[in-house]
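The model shown is predicted, which means the values in this text are computed figures rather than measured ones. Numbering of residues begins at 1 and proceeds along the displayed sequence. Whatever order the structure lists them in is the order used to number ligands and atoms, beginning at 1.
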Amino acid sequence: MIKTYEGTYEGKGHKIGIIMSRFNDFIGNQLLEGAVTELHRQGVNEADITIIKVPGAFEIPGTLSLVLKQNRFQGIVCLGVLIRGNTPHFEYISSAVTNGIGQCTIESKIPVTYGILTTDTVEQAIERAGTKAGNKGADAARTLVEMINLYKKLEG
Ligand code: DLZ
(Lines give C-alpha, C1' and ligand atoms only; values in the text may rest on other atoms or scores of the structure.)
Protein backbone atom coordinates (compact mmCIF):
# COMPACT_ATOMS: atom_id res chain seq x y z
CA MET A 1 0.00 0.00 0.00
CA ILE A 2 1.25 3.48 -0.79
CA LYS A 3 1.91 5.59 2.28
CA THR A 4 1.49 9.36 1.94
CA TYR A 5 2.71 11.97 4.41
CA GLU A 6 1.28 15.46 4.38
CA GLY A 7 1.16 18.29 6.91
CA THR A 8 -2.03 19.80 8.29
CA TYR A 9 -3.00 23.34 9.23
CA GLU A 10 -3.31 22.84 12.98
CA GLY A 11 -1.12 25.28 14.86
CA LYS A 12 -2.35 24.84 18.44
CA GLY A 13 0.47 24.17 20.88
CA HIS A 14 3.28 25.06 18.48
CA LYS A 15 5.87 27.59 19.57
CA ILE A 16 6.76 29.81 16.63
CA GLY A 17 9.67 32.20 16.15
CA ILE A 18 9.47 35.04 13.66
CA ILE A 19 12.77 36.62 12.65
CA MET A 20 12.08 39.92 10.96
CA SER A 21 14.33 42.58 9.53
CA ARG A 22 13.55 46.24 10.31
CA PHE A 23 14.93 47.59 7.01
CA ASN A 24 11.99 48.78 4.86
CA ASP A 25 9.72 47.99 7.78
CA PHE A 26 6.90 50.16 6.46
CA ILE A 27 6.39 47.12 4.20
CA GLY A 28 7.88 44.51 6.56
CA ASN A 29 5.30 45.36 9.20
CA GLN A 30 2.59 44.32 6.74
CA LEU A 31 4.35 40.98 6.25
CA LEU A 32 4.52 40.62 10.04
CA GLU A 33 0.86 41.42 10.46
CA GLY A 34 -0.02 38.92 7.74
CA ALA A 35 2.11 36.23 9.39
CA VAL A 36 0.70 36.78 12.89
CA THR A 37 -2.89 36.89 11.63
CA GLU A 38 -2.33 33.66 9.73
CA LEU A 39 -0.76 31.93 12.73
CA HIS A 40 -3.78 32.89 14.82
CA ARG A 41 -6.03 31.56 12.09
CA GLN A 42 -4.19 28.23 12.28
CA GLY A 43 -4.77 28.09 16.05
CA VAL A 44 -1.35 29.23 17.30
CA ASN A 45 -1.68 30.92 20.71
CA GLU A 46 -0.52 34.53 21.08
CA ALA A 47 1.78 33.50 23.94
CA ASP A 48 3.49 30.96 21.68
CA ILE A 49 4.62 33.57 19.14
CA THR A 50 8.00 35.27 19.60
CA ILE A 51 9.15 38.07 17.30
CA ILE A 52 12.89 38.68 16.93
CA LYS A 53 13.78 41.90 15.09
CA VAL A 54 17.14 42.39 13.37
CA PRO A 55 18.43 45.54 11.62
CA GLY A 56 18.50 44.23 8.04
CA ALA A 57 17.92 41.07 6.06
CA PHE A 58 21.65 40.35 6.05
CA GLU A 59 21.40 39.72 9.80
CA ILE A 60 18.65 37.08 9.44
CA PRO A 61 20.74 33.94 8.67
CA GLY A 62 23.16 34.43 11.59
CA THR A 63 20.28 35.05 13.98
CA LEU A 64 18.45 32.05 12.59
CA SER A 65 21.50 29.85 13.07
CA LEU A 66 21.83 30.97 16.70
CA VAL A 67 18.14 30.49 17.49
CA LEU A 68 18.07 27.05 15.89
CA LYS A 69 20.79 25.90 18.28
CA GLN A 70 18.65 26.98 21.24
CA ASN A 71 15.74 24.61 20.48
CA ARG A 72 13.20 27.26 21.50
CA PHE A 73 10.67 26.82 18.73
CA GLN A 74 8.91 24.20 16.64
CA GLY A 75 9.32 26.35 13.54
CA ILE A 76 10.65 29.69 12.38
CA VAL A 77 9.37 32.19 9.81
CA CYS A 78 11.89 34.62 8.29
CA LEU A 79 10.52 37.96 7.09
CA GLY A 80 12.30 40.75 5.27
CA VAL A 81 12.09 43.21 2.40
CA LEU A 82 14.96 43.61 -0.05
CA ILE A 83 14.43 46.24 -2.72
CA ARG A 84 16.84 46.69 -5.60
CA GLY A 85 18.81 49.92 -5.61
CA ASN A 86 21.24 51.29 -8.18
CA THR A 87 24.24 49.27 -7.02
CA PRO A 88 25.05 45.52 -6.94
CA HIS A 89 24.44 45.59 -3.15
CA PHE A 90 20.98 44.06 -3.63
CA GLU A 91 22.37 40.99 -5.42
CA TYR A 92 25.01 40.38 -2.75
CA ILE A 93 22.62 40.73 0.16
CA SER A 94 19.79 38.78 -1.51
CA SER A 95 21.98 35.83 -2.33
CA ALA A 96 23.71 35.84 1.06
CA VAL A 97 20.35 35.90 2.83
CA THR A 98 18.72 33.29 0.63
CA ASN A 99 21.71 30.93 0.67
CA GLY A 100 22.17 31.43 4.42
CA ILE A 101 18.55 30.63 5.23
CA GLY A 102 18.62 27.71 2.80
CA GLN A 103 21.73 26.27 4.43
CA CYS A 104 20.22 26.59 7.91
CA THR A 105 17.02 24.94 6.72
CA ILE A 106 18.81 21.91 5.32
CA GLU A 107 20.68 21.37 8.57
CA SER A 108 17.74 22.11 10.87
CA LYS A 109 15.48 19.57 12.56
CA ILE A 110 12.61 22.06 12.52
CA PRO A 111 11.13 23.80 9.50
CA VAL A 112 12.07 27.32 8.51
CA THR A 113 10.04 29.26 5.97
CA TYR A 114 11.03 32.11 3.71
CA GLY A 115 8.97 35.28 3.68
CA ILE A 116 11.62 37.57 2.25
CA LEU A 117 10.58 39.88 -0.57
CA THR A 118 13.22 40.52 -3.20
CA THR A 119 11.79 43.05 -5.61
CA ASP A 120 12.90 45.59 -8.18
CA THR A 121 10.62 48.32 -6.86
CA VAL A 122 8.79 49.50 -3.75
CA GLU A 123 5.51 49.02 -5.63
CA GLN A 124 6.25 45.34 -6.27
CA ALA A 125 7.02 44.89 -2.58
CA ILE A 126 3.78 46.60 -1.51
CA GLU A 127 1.83 44.36 -3.91
CA ARG A 128 3.23 41.29 -2.12
CA ALA A 129 2.66 42.60 1.39
CA GLY A 130 -1.09 42.42 1.60
CA THR A 131 -2.36 44.16 -1.52
CA LYS A 132 -2.57 42.93 -5.15
CA ALA A 133 -0.37 39.84 -4.92
CA GLY A 134 -1.32 38.46 -1.53
CA ASN A 135 0.80 38.60 1.60
CA LYS A 136 4.05 36.63 1.54
CA GLY A 137 4.29 36.82 5.32
CA ALA A 138 0.94 35.06 5.65
CA ASP A 139 2.00 32.49 3.03
CA ALA A 140 5.24 31.75 4.91
CA ALA A 141 3.34 31.38 8.20
CA ARG A 142 0.75 29.01 6.70
CA THR A 143 3.48 26.93 5.09
CA LEU A 144 5.34 26.78 8.39
CA VAL A 145 2.37 25.28 10.25
CA GLU A 146 1.93 22.67 7.51
CA MET A 147 5.64 21.80 7.61
CA ILE A 148 5.76 21.54 11.41
CA ASN A 149 3.00 18.96 11.26
CA LEU A 150 4.66 17.16 8.36
CA TYR A 151 8.02 16.94 10.18
CA LYS A 152 6.20 15.57 13.23
CA LYS A 153 4.54 12.87 11.15
CA LEU A 154 7.80 11.96 9.42
CA GLU A 155 9.54 11.68 12.79
CA GLY A 156 6.77 9.31 13.86
C1 DLZ B 1 22.39 48.06 3.38
C2 DLZ B 1 21.06 47.52 2.99
C3 DLZ B 1 20.49 47.85 1.74
C4 DLZ B 1 21.17 48.74 0.76
N5 DLZ B 1 19.29 47.43 1.38
C6 DLZ B 1 18.61 46.61 2.24
C7 DLZ B 1 17.33 46.13 1.89
O8 DLZ B 1 16.75 46.42 0.83
N9 DLZ B 1 16.70 45.30 2.78
C10 DLZ B 1 17.27 44.93 3.97
O11 DLZ B 1 16.66 44.16 4.73
N12 DLZ B 1 18.48 45.40 4.32
C13 DLZ B 1 19.16 46.22 3.50
N14 DLZ B 1 20.38 46.71 3.85
C15 DLZ B 1 20.90 46.40 5.21
C16 DLZ B 1 21.61 45.06 5.31
O17 DLZ B 1 20.71 43.99 5.30
C18 DLZ B 1 22.43 45.00 6.63
O19 DLZ B 1 21.58 45.28 7.72
C20 DLZ B 1 23.58 45.99 6.65
O21 DLZ B 1 24.41 45.81 5.52
C22 DLZ B 1 24.45 45.81 7.92
O23 DLZ B 1 25.01 44.50 7.97
Side-chain angles (χ1 to χ4, degrees), residues 7 9 11 14-42 44-151:
Y9 295 109
H14 298 326
K15 290 195 181 347
I16 308 290
I18 299 175
I19 303 179
M20 178 203 168
S21 107
R22 284 197 312 266
F23 208 99
N24 295 320
D25 69 357
F26 67 105
I27 300 171
N29 284 332
Q30 302 308 309
L31 296 179
L32 180 63
E33 194 181 313
V36 169
T37 302
E38 187 60 32
L39 291 174
H40 283 147
R41 200 171 281 149
Q42 306 301 337
V44 178
N45 296 320
E46 180 103 1
D48 288 334
I49 302 173
T50 302
I51 299 165
I52 301 167
K53 294 194 177 182
V54 297
F58 187 76
E59 282 70 43
I60 292 176
T63 309
L64 174 62
S65 170
L66 175 74
V67 170
L68 284 172
K69 288 182 194 122
Q70 298 173 334
N71 293 321
R72 293 166 60 169
F73 306 113
Q74 269 86 56
I76 300 175
V77 186
C78 298
L79 302 177
V81 183
L82 282 151
I83 300 172
R84 189 184 294 277
N86 293 323
T87 68
H89 213 89
F90 171 84
E91 263 80 27
Y92 299 139
I93 297 183
S94 300
S95 62
V97 172
T98 305
N99 293 336
I101 294 174
Q103 194 57 43
C104 287
T105 306
I106 292 168
E107 290 163 8
S108 165
K109 284 202 157 95
I110 62 164
V112 175
T113 57
Y114 182 92
I116 315 272
L117 300 179
T118 53
T119 63
D120 288 332
T121 64
V122 171
E123 289 72 25
Q124 288 172 346
I126 291 170
E127 280 172 14
R128 288 157 180 78
T131 61
K132 255 193 348 206
N135 185 313
K136 301 304 171 200
D139 293 349
R142 192 178 319 111
T143 301
L144 185 74
V145 172
E146 177 178 348
M147 292 306 293
I148 290 171
N149 290 314
L150 176 62
Y151 276 31

Partners passing salt bridge (Lys or Arg N to Asp or Glu O under 4.0 Å) against E33 (at least two apart in sequence or in another chain): none
So if I count the atoms of ligand 1 from 1 in the order they appear, which ones are less than 4.0 Å from some heavy atom of S21? 11 (O)
Which atom pair, heavy atoms only, marks the closest approach of Y151 to I110? CE2-C, 3.6 Å
Just by modelled atom types, is the A47 backbone N or O under 3.5 Å from a matching donor or acceptor in the N45 side chain? no
Which residue and atom name correspond to the protein heavy atom nearest atom 8 (O) of ligand 1, and how close is it? I83 N, 3.1 Å
Check each of R84, H89, R22, E59 against atom 23 (O) of ligand 1 and report the one with the nearest heavy atom. E59
Part of A57 with heavy atoms under 4.0 Å of ligand 1, whether side chain, backbone, both or neither: both
Determine yes or no for a side-chain-to-main-chain donor-acceptor pair under 3.5 angstrom, with D25 supplying the side chain and S21 the backbone. no
Counting from 1, what ligand 1 atoms have a heavy atom of N24 closer than 4.0 Å? 7 (C), 8 (O), 9 (N)
Quick one: CG on L31 to CD1 on I116, what's the gap to the nearest 0.5 Å? 9.0 Å
Nearest option to atom 13 (C) of ligand 1, as decided by whichever heavy atom of F23, Y92, F58, F90 sits closest: F23
Which residues satisfy the side-chain hydrogen bond (donor to acceptor under 3.5 Å, both in side chains) test with K69, sequence neighbours excluded? S65
If we set the cut-off at 4.0 Å for heavy atoms, which region of V81 has an atom near ligand 1: side chain, backbone, both, or neither? backbone
